[in-house]
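Before any comments, here is the structure.
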Amino acid sequence: MARTEMLKLPDVLAEIGMSRAAFYRMRARGKAPKLIKLPNGQLRCRRHDLEQWLESHEQTAAA
C-alpha cells in the first residue's frame with residue numbers, strides 16, 4: 001500500500017504563495033485546505049487534499 005504524501009505547513013505555504021498569518025486567517029474562516037494535527041501538535045496536509053482545494057478555487061480566465 002502506497003503512503004500518502006504529507007506536506008508540512010511551510011511547504012503548503014510555499015506552494016500556495018501565502019504568509020503564515022494570512023493562512024491562519026483563512027483557516028479561521030474555514031476556507032483553508034484540510035489539515036491534520038499530529039499528536040505532537042504539528043500540522044500536516046495530505047497532497048491529495050491540497051490538490052483538491054486548489055482545483056476547487058480555480059477560476060477560468062475571461063476571454
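Computation of the quantities below employed the complete heavy-atom set of this structure, encompassing side-chain atoms and omitting hydrogens, waters and symmetry-equivalent molecules. What you see is a predicted model, and the numbers here were worked out from it, not measured in a lab.
- Under the ring pair (Phe, Tyr, Trp, His ring centres under 6.0 Å) criterion, the residue pairs touching residues 13-55 are Trp53-His57, with sequence neighbours excluded.
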Show which side-chain atoms of residues 34-44 pair as donor or acceptor with protein atoms under 3.5 Å away, not counting sequence neighbours.
| from | atom 1 | to | atom 2 | distance (Å) |
| --- | --- | --- | --- | --- |
| Asn40 | OD1 | Gln42 | N | 3.0 |
| Gln42 | OE1 | Arg44 | NH1 | 3.2 |
| Gln42 | OE1 | Arg44 | NH2 | 2.9 |

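- Residues Cys45 and Val12 approach most closely at CB-CG2, 3.7 Å, considering heavy atoms.
- When all heavy atoms are compared, the tightest approach of Leu13 to Ser19 is CD2-O, 3.9 Å.
- Between atom CE of residue Met6 and atom CG of residue Leu50 there is a gap of 12.0 Å, rounded to the nearest 0.5 Å.
- Atom CZ of Arg27 and atom CG of Leu9 lie 8.5 Å apart (nearest 0.5 Å).
- Applying the salt bridge (charged side-chain N to carboxylate O under 4.0 Å, His left out) rule to Arg47 yields the partners Glu5, Glu15, Glu51; only residues at least two apart in sequence or on another chain are considered.
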